[in-house]
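Quick notes on the structure that follows.
Residues take their numbers from the sequence shown, with the count starting at 1.
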Amino acid sequence: MAAASVAVAAALVTAQEAQAASLVRVTSFGTNPSNLNMYVYVPDRVAAKPALLVAMHYCTGSASAVANGQFKDYETAADQYGFIIVFPEATRSGQCFDVYSAQALKRGGGSDPVGIMSMVDYAKSHYNVDPARVFATGTSSGAMMTNVMLADYPDVFAGGSAFMGVPATCFATTGGSTWNSQCSGGQISKTAQQWGDAARAMDPGYTGAYPRMQVWHGTTDTTLNYNNFGEEIKQWTNLSGVGQTPAQTDTPRSGWTRTGYGNNGLQPPVEGISVAGVGHSLPTSGMIAYAVAFLGLDNPGGGSTSSPSQSPTPSSPPAGGSCTATITPGTVWADRYNTSVTVTGSDNWTVVIAITSPQKVSTTWSGAFSWSGGGYTMSVKPNGSGNTFGFTTMTNGNTSARPRVTSCTTG
């Protein structure tokens with residue numbers, strides 16, 4: 001259901017024999033009722049207690065295809081931030097994940113979700129994974145499975161990012177069919193409560209909080225109709241107990257409309273990115289950086305990397321127009337931290353940056369700053385001192401949030 005594969009050679013060895021910074025197959029990882037293959041990417045520098053990302057391919061795809069194609073930027077981020085990536089691979093005809101059977105749509109019911117959970121458990125036990133920082137992502141069939149995994153195992157996953165998916169249970173079929181034309185065609189519409197109830201029925205004994213979810217969709221998608229984007233938002237806002245009216249809306253890049261639900265922070269409970277005029281071809285260039293930031297994979301978490309880089313790395317994705325603004329945040333000390341921003345592509349720019357309440361900016365330098373949104377949005381222009389500016393943020397008790405570039409425009 002997506003782009004052509006890019007083939008690579010993968011060593012058929014166990015994870016114990018794996019070489020870092022390469023895609024390696026694990027041949028024995030636990031219960032695997034649908035005969036999935038497991039591949040793992042371990043960066044050269046692994047965080048002391050790394051996050052885990054489960055990254056799932058599209059129909060007709062493979063682990064190597066997405067690892068070296070659409071999801072290559074996840075590997076680059078793993079090299080920077082020290083997290084582990086597991087790539088499940090479907091082996092049935094058509095290479096689609098099972099998001100349709102009764103077994104798949106129930107916690108512990110069997111089929112692909114059980115095999116994927118075995119991969120998660122294997123990674124936890126072999127790589128000292130932080131159990132509070134397990135995430136899922138996927139494109140097309142893999143995006144549908146991202147929705148399913150987070151609904152089947154809401155206590156396991158902290159969040160997900162789904163590119164061109166459908167709500168959990170939308171693709172359910174009977175009689176052994178593997179394709180649901182009504183769902184793919186965007187003809188299934190339910191209330192937020194109905195979608196939420198359908199997901200809760202997948203793990204009826206669960207009473208805790210649901211994972212955060214980021215969903216992406218192109219407005220001209222004819223393979224998995226764009227209507228599914230809104231249905232996903234209904235489902236996850238209901239599961240998160242937040243309203244369907246966005247708490248924030250912005251345009252981080254030309255043609256993108258980003259909406260956040262539940263709060264106006266950097267990592268709201270639900271986030272949707274609608275991409276105008278784009279069909280069934282996500283993710284495209286630059287999108288993975290936004291997924292990494294939303295999931296919080298750009299924070300090593302349980303400690304510094306075993307061999308940390310000596311140079312700073314961007315912690316927020318660049319934002320649109322014909323200029324790029326890259327954020328490099330400093331380390332939090334006491335109740336504050338410094339942030340520097342570098343602009344490339346133009347000498348005549350305006351950068352808009354969002355700050356998360358209750359944080360406040362106390363000091364600025366090397367830019368012309370103006371404020372809006374109750375003091376949580378700043379617009380910065382050059383003041384003749386070059387294309388780098390900075391500011392100091394008072395955390396006011398929120399030490400996890402970081403400033404976010406919402407736009408970079410010229411003229």
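- In this structure a side-chain-to-backbone donor-acceptor pair under 3.5 Å is present from N228 to N225.
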| request: Decide side-chain contact (heavy atoms from CB on, under 4.5 Å) for T388 and V343; before the verdict, give the C-alpha distance in whole Å, the side-chain angles of both, and the deciding distance to 0.1 Å. | output: CA-CA 6 Å; T388 297; V343 182; over 6 Å; no

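- Rounding to the nearest 0.5 angstrom, the gap separating the OG1 atom in T137 from the CZ atom in F71 is 4.5 Å.
- Y290 has its ring centre less than 6.0 Å from the ring centre of W256.
- A heavy-atom distance below 4.5 Å is found between the side chains of F97 and P88.
- Between the side chains of T173 and N180, no donor-acceptor pair of N or O atoms lies under 3.5 Å.
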| request: Decide yes or no on side-chain hydrogen bond (donor to acceptor under 3.5 Å, both in side chains) for Y74 and D79, but give the supporting numbers first. | output: CA-CA 9 Å; Y74 276 130; D79 292 337; over 6 Å; no

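- The backbone N or O of W179 lies less than 3.5 Å from a partner atom in the side chain of S177, making a donor-acceptor pair.
- Checking H280 against S140 by side-chain atom types alone, a donor-acceptor pair falls below 3.5 Å.
- With a 4.5 Å cut-off on side-chain heavy atoms, M38 and M119 count as touching.
- Of the possible donor and acceptor atoms, one in the side chain of H57 sits under 3.5 Å from a partner among the backbone N and O of A90.
- The nearest pair of heavy atoms linking T139 to V66 is CG2-CG1, 4.4 Å.
- For the pair K49 and Y127, the cation does not sit on the ring face, since its NZ or CZ is not both under 6.0 Å from the ring centre and inside 45° of the axis.
- One N or O on the side chain of Q267 and one on the backbone of A293 form a donor-acceptor pair closer than 3.5 Å.
- Side-chain contact of T259 with Y261: a donor-acceptor pair under 3.5 Å is present, judged by distance alone.
- Looking at every heavy atom in both residues, P33 comes nearest to V114 through CD-CG1, 3.8 Å.
- Under a 4.0 Å N-O distance rule, the pair D152/R107 does not qualify as a salt bridge.
- Counting only heavy atoms from C-beta outward, the side chains of T342 and N387 never approach each other to under 4.5 Å.
- A salt bridge is absent between K124 and D130: the closest approach of a Lys/Arg side-chain nitrogen to an acidic carboxylate oxygen does not fall below 4.0 angstrom.
- Side chain of Q235 to backbone of A168: a donor-acceptor contact under 3.5 angstrom is found.
- F391 and F369 have perpendicular rings, their planes meeting at more than 60° on a 0 to 90° scale where under 30° would count as parallel.
- Atom-to-atom distance recorded for F294:CZ and I273:CD1 is 8.0 Å, nearest 0.5 angstrom.
- Looking at K381, its side chain never comes within 3.5 Å of a backbone N or O of G367 through a donor-acceptor pair.
- Judged purely by atom type and a 3.5 angstrom limit, S118 has no side-chain atom pairing as donor or acceptor with the backbone of F29.
- In terms of heavy-atom proximity, V292 sits nearest to A77 at CG2-CB, 3.9 Å.
- Here K190 does not pair with E232 in a salt bridge; the nearest charged N to carboxylate O distance is not below 4.0 Å.
- One side chain, N238 or R200, offers a donor N or O that lies under 3.5 Å from an acceptor on the other.
- Inter-residue side-chain proximity for L36 and T91 is flagged as unmet; no heavy-atom pair is nearer than 4.5 Å.
- A donor-acceptor pair is defined here as one N or O able to donate and one able to accept, closer than 3.5 Å; such a pair exists between the side chain of Q194 and the backbone of T191.
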| request: Could you check T146 against M56 for side-chain contact (heavy atoms from CB on, under 4.5 Å), going step by step and ending with a plain yes or no? | output: CA-CA 8 Å; T146 298; M56 293 167 283; 3.5 Å; yes

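- Note that the OH atom of Y376 and the CH2 atom of W371 stand 10.5 Å from one another [nearest 0.5 Å].
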| field | Verdict with supporting geometry, S189 and E231, side-chain contact (heavy atoms from CB on, under 4.5 Å) | value | CA-CA 7 Å; S189 178; E231 301 301 303; 3.5 Å; yes

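- For the residue pair T392 and N338, a side-chain donor N or O sits within less than 3.5 Å of a side-chain acceptor on the partner.
- Side-chain contact check for S161 and Q214: at least one donor-acceptor pair (N or O, by modelled atom type) lies under 3.5 Å.
- Side-chain contact between S111 and P113 is present, with at least one heavy-atom pair separated by less than 4.5 Å.
- Separating the OG1 atom in T377 from the CD1 atom in I353 is a distance of 10.5 Å, to the nearest 0.5 Å.
- Using a 4.5 Å heavy-atom threshold, the side chains of V129 and F83 count as separate.
- No side-chain heavy atom of T393 sits less than 4.5 Å from a side-chain heavy atom of R336.
- G82 and P50 make their closest contact through O-CB, 3.3 Å (heavy atoms, listed as atom of the first residue, atom of the second, distance).
- Separation of atoms CD (Q359) and CE (M394) is listed at 10.5 Å; rounding is to 0.5 Å.
- Formation of a donor-acceptor pair under 3.5 Å by the N147 side chain with backbone atoms of V166 is found in this model.
- Under a 3.5 Å cut-off, the side chain of T339 and the backbone N or O of G390 do not form any donor-acceptor pair.
- The closest side-chain donor-acceptor pair between S64 and S62 falls under 3.5 angstrom.
- Side-chain contact check for D112 and S34: at least one donor-acceptor pair (N or O, by modelled atom type) lies under 3.5 Å.
- Using a 30° and 60° split on the angle between ring planes, F229 and Y226 fall in the parallel class, below 30°.
- Here the closest heavy-atom approach between residue S357 and residue N398 is recorded as O-ND2, 3.9 Å.
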| task | List the steps, then state whether side-chain contact (heavy atoms from CB on, under 4.5 Å) holds for V86 with L53. | result | CA-CA 6 Å; V86 163; L53 178 66; over 6 Å; no

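- With no hydrogens or angles considered, a side-chain donor-acceptor pair links D98 and S101 at under 3.5 Å.
- The line from CD1 of I84 to CZ of R133 is 11.5 Å long, rounded to the nearest 0.5 Å.
- Between S366 and F389, the shortest heavy-atom distance links the atoms O-CB, 3.3 Å.
- For the residue pair Y210 / D203, no side-chain donor-acceptor distance below 3.5 Å is found, with atom types taken as modelled.
- Between T406 and R258 there is a side-chain heavy-atom pair separated by less than 4.5 Å.
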